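Take a look at the structure set out below.
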Amino acid sequence: MADSETRPGTDERYDPQAIERKWQLVWEAENTWVVANPGSPEFDESKPKSYVLEMLPYPSGEPHVGHLKTYSVGDAIAHFRRRRGYRVVHPMGYDAFGLPAENAAIQTGEHPREATEKSIASFREQFMRWGISIDWTRELGTHEPSYYRWTQWIFLKLYERGLAHRHEAPVHWCPKDQTVLANEQVIDGHCERCGTLVELRQLEQWFFRITEYAQQLLDDFELLESWPENVVTMQRNWIGRSEGAEVVFRCGELDLDFPVFTTRPDTLFGATFFVLAPEHPLTEQLAEGTEHEQAVREYVNESARASAEERADEAHQKTGVPLGREVVNPVNGERIPMFVADYVLMEYGTGAIMAVPAHDERDYEFAKAFGLPIRRVIEGTDPEQARDDDGLPFSGDGQMVNSDRFDGEHNREAYGEIVSWLASDGRGEAAVNYRLRDWLVSRQRYWGAPIPIVYCDECGMIPVPEDQLPILLPDVEDYAPKGRSPLAAAEDWVRTECPSCGGDARRETDTMDTFVDSSWYFLRYLDPKNDEQCWSKEVANYWMPVDQYIGGVEHAILHLMYARFFIKALHDIGVLEVREPFANLFTQGMITRDGAKMSKSRGNTVSPAENVERFGADSLRTYICFMGPPIKGGDWSDEGVEGIFRFLARLWRLGREVAGRAEPGGSTDGADGHARELLAKAHWAIDKATRDIEPRFQFNTAIAAVMELVNEIYRLKDGLYGEPTGAATVRFATATAASLLFPFAPHLGAEVYEWLEDARVWEQPWPEADPELLERDTYMLVVQVNGKLRDRIEVAADTEEGELVELAKGSQNVQRHLDGKAIVKEIVVPGRLVNLVVR
RNA sequence: GCGGGCGUGCUGGAACUUGGUAGACAGGCCAGGUUUAGGUCCUGGUGCUCGCAAGAGCGUGGGGGUUCGAGUCCCUCCGCCCGCACCA
């Protein structure tokens with residue numbers, strides 16, 4: 001369509017396709033959203049920086065409505081900040097490695113790279129079609145060798161610092177995807193990706209020592225400016241810090257020490273038995289030679305077969321077997337029997353517990369099931385609890401009993417004394433325990449970054465020297481997982497030379513978890529073409545941290561905690577100043593349709609591409625921001641999009657009419673009557689929209705304010721064209737509407753603004769509300785009698801309190817309700833209401 | 001079970017800062033107008049009940065409380081959603 005079609009007065013209808021294409025070409029031709037780094041000649045020091053970032057998409061097929069929402073929200077913020085005087089970097093990339101592309105490859109034979117790059121092309125095209133203001137010079141895909149070279153480099157740095165290590169451990173194995181998974185990727189015992197029940201397997205794997213940073217991950221919440229409370233809570237719970245003591249129970253017979261972690265050292269005197277997890281490495285040795293040997297072996301094997309879910313499911317049905325051994329309770333020298341039971345988890349603490357049935361529900365159940373003694377050592381101060389012998393298990397606080405020299409003390413006070421008493425002769429010590437496990441990062445899959453390690457018979461495990469990076473992912477014929485990485489089949493690739501001795505060596509064939517790729521992409525955006533280093537320190541230190549991060553809450557733990565860990569490690573490695581990657585986090589809610597999550601199998605998906613075709617990107621983006629507060633989810637409605645389309649068309653027509661009737665540049669000074677009223681409405685809308693966009697992220701009400709302004713212009717405009725300041729005011733109000741709508745509907749905003757002001761709206765500062773115009777000279781005084789609304793009276797803004805009361809009493813409707821009654825109280829809230837209390 | 005959040009017209013939602021006009025703005029529906037026609041555009045109406053109207057009564061999940069005044073604060077019950085779930 002010819003350019004002239006979008007000029008005022010030459011066509012009949014709002015044609016979003018033409019307008020959007022026009023502006024997209026301008027932005028592309030002029031590199032409007034490209035931003036220079038410090039050190040480059042174009043760098044403008046005068047502005048403060050702002051890094052606005054949305055979580056990068058995983059490219060699979062075409063973008064869906066969730067993507068549209070994320071980038072619409074992020075783009076609104078990016079535009080808003082630019083016009084508020086910030087130098088904004090707003091990049092885009094693709095989280096391109098991962099299982100779905102690989103699984104598709106197994107089915108179709110198409111190389112995952114091809115499928116992924118096809119999808120990337122489709123994402124890129126859609127993002128451009130949506131008019132998202134991205135600096136495309138910074139685009140990257142995590143599957144590109146120029147990117148994963150640095151993923152491998154970071155791996156080596158972590159390895160150097162002892163933060164990447166390989167060891168054997170019970171790990172989660174997904175039998176469908178044929179790979180191990182990180183703890184964080186197991187949801188209720190199921191694979192996060194495919195939903196299959198996971199198994200526990202004893203395997204040697206690569207881990208990142210995120211546990212080293214457990215305390216920092218907790219402490220540094222302090223450094224964040226604004227994160228949703230629920231995300232912080234979820235991470236806190238996931239890290240799961242507990243304070244307590246490690247206490248050693250000794251099995252003299254076999255000369256073995258069994259340390260346990262407990263948060264209740266004050267209940268040590270109540271320990272009547274001792275339990276090991278079935279996976280505990282010493283169970284076999286303990287049972288050996290006892291009458292229980294066979295039973296223990298069977299129980300351990302049984303537990304190994306059972307999934308984590310099955311074990312959790314039999315929640316209240318405690319099972320276990322005796323070991324036929326005893327350990328000594330270090331506080332009283334008592335010998336207590338040992339058991340193996342699956343309610344004790346190997347992954348937490350030491351894999352062994354002291355059982356205090358009187359004060360722990362789980363131990364209580366086990367004791368009841370196995371007829372074991374239950375000894376109360378704390379009496380509740382609540383008289384009812386104290387009296388009631390059967391108030392067990394009792395988890396509250398109170399006086400210690402049956403506890404030797406501590407009898408009579410309050411348990412909270414004895415707590416510290418017991419710990420230091422044990423510590424004094426090496427029987428235990430104060431300890432902190434975390435639920436957080438190390439991050440398992442190796443995967444037995446093809447489509448990921450190879451781990452840059454080589455195994456040599458002579459030298460052992462050798463990291464690949466930096467100058468040999470990247471270790472390129474070789475092409476293979478068969479992607480199907482067989483319990484080992486498909487890379488193992490690429491014999492030529494696997495066989496290599498030892499970097500240390502030059503002899504024969506073999507490459508590590510596992511690839512890295514894709515969450516490794518996405519833990520640092522926001523740093524590479526800052527310096528994406530750098531071949532010398534991962535990023536220039538100067539550049540990264542300038543832009544970091546991300547000032548506003550936007551994405552789905554589903555990443556509350558996984559991605560957001562891994563990235564936090566990475567940034568702390570990179571700080572310690574010395575390549576980055578900041579300690580936290582994301583200063584502010586916004587999590588948007590999910591869009592549903594007919595109340596259900598959109599999915600292909602349900603057939604309730606909404607295609608952004610189709611809708612953009614029909615209504616234009618502006619309508620779609622504005623609708624998504626208008627359907628409710630973006631933090632909440634919302635149900636998709638086709639009528640809703642049409643409604644927004646009608647509104648945009650209404651603004652378009654208004655702009656055209658105003659452009660044709662009022663000359664640019666008229667002054668609104670001295671506007672009075674309706675002109676003043678309209679001017680005030682425009683400034684009200686500026687004020688409202690500004691406060692709603694940031695920090696509230698209430699885009700729906702910001703857009704509603706613009707709608708109100710447009711409605712007001714329609715209501716008043718025809719009477720204003722004849723007045724001295726009228727036409728200029730209508731023009732100003734209309735241009736303001738376009739300007740305020742620009743972050744949500746950038747194409748139409750730019751178009752209408754250009755007609756009216758002959759300028760580029762994105763180059764104009766965000767409008768400021770004039771405080772004088774926000775003040776009204778009159779307001780509606782609310783008059784209540786006994787708190788019930790009886791009248792509204794228009795009064796001058798500066799009316800005195802006494803006069804307000806007189807005016808209120810003078811109202812006819814109020815009079816009727818006062819009739820024959822005495823006024824006992826007059827409440828006056830100036831600027832708002834008068835309430836007359838009568839009896 | 002534990003922790004957190006929410007509950008407002010037919011629907012999405014508004015009422016923020018500070019307890020002070022409940023239902024902004026939209027969608028839907030109803031009526032009227034413009035149009036050859038329209039899935040266009042414009043105007044009006046739309047919480048419930050009574051009333052021609054003016055107006056009155058009721059109304060923010062149920063019950064109770066604080067207050068001149070409660071969607072908002074407190075207590076309690078019900079319902080829905082999310083997170084965690086044998087973490088010693």
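Here the structure is a predicted model, which is why all the values come from computation and not from measurement.
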Is [X] close enough to [N] that one of its side-chain N or O atoms is under 4.0 Å from OP1 or OP2 there?
X	N	answer
A/Gln784	B/rG20	no
A/Lys788	B/rC58	yes
A/Asn700	B/rA14	yes
A/Arg650	B/rC42	yes
A/Arg646	B/rG27	yes
A/Asn711	B/rA26	yes
A/Arg236	B/rG4	no
A/Arg653	B/rC42	yes
A/Arg614	B/rG39	no
A/Thr233	B/rG83	no
A/Asn813	B/rA56	yes
A/His817	B/rA56	yes
A/Arg435	B/rC84	no

Mind telling me if B/rG83 is syn or anti? Syn here is a glycosidic angle within 90° of 0.
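In terms of base orientation relative to the sugar, B/rG83 is anti.
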Measure from [atom1] on [X] to [atom2] on [N] and round the result to the nearest Å.
X	N	atom1	atom2	value
A/Ile187	B/rA85	CD1	C1'	13 Å
A/Met627	B/rU11	CE	C1'	12 Å
A/Leu789	B/rG23	CG	C1'	15 Å
A/Phe366	B/rC86	CZ	C1'	13 Å

Salt bridge (charged side-chain N to carboxylate O under 4.0 Å, His left out), that's the test. Do A/Glu712 and A/Lys681 meet it? Break it down for me.
CA-CA 8 Å; A/Glu712 192 78 344; A/Lys681 186 74 185 182; 5.4 Å; no
Pair A/Arg241-A/Asn433, side-chain donor/acceptor within less than 3.5 Å
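No pair is found: no donor N or O on one side chain lies under 3.5 Å from an acceptor on the other.
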Flag for A/Arg816-A/Asn813: side-chain donor and acceptor within less than 3.5 Å:
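A/Asn813 vs A/Arg816: donor-acceptor pair found between side chains.
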Distance between the [atom1] atoms of [N] and [M], in whole angstroms?
N	M	atom1	value
B/rU46	B/rA54	P	11 Å
B/rC78	B/rG20	C1'	30 Å
B/rG59	B/rG65	P	14 Å
B/rG79	B/rC25	P	37 Å

Ring center gap for A/Phe744 and A/Phe742 short of 6.0 angstrom:
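That pair fails the under 6.0 Å test.
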Ring-ring centroid check A/Tyr343 A/Phe366, cutoff 6.0 Å:
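For A/Tyr343 and A/Phe366, the ring centres are under 6.0 Å apart.
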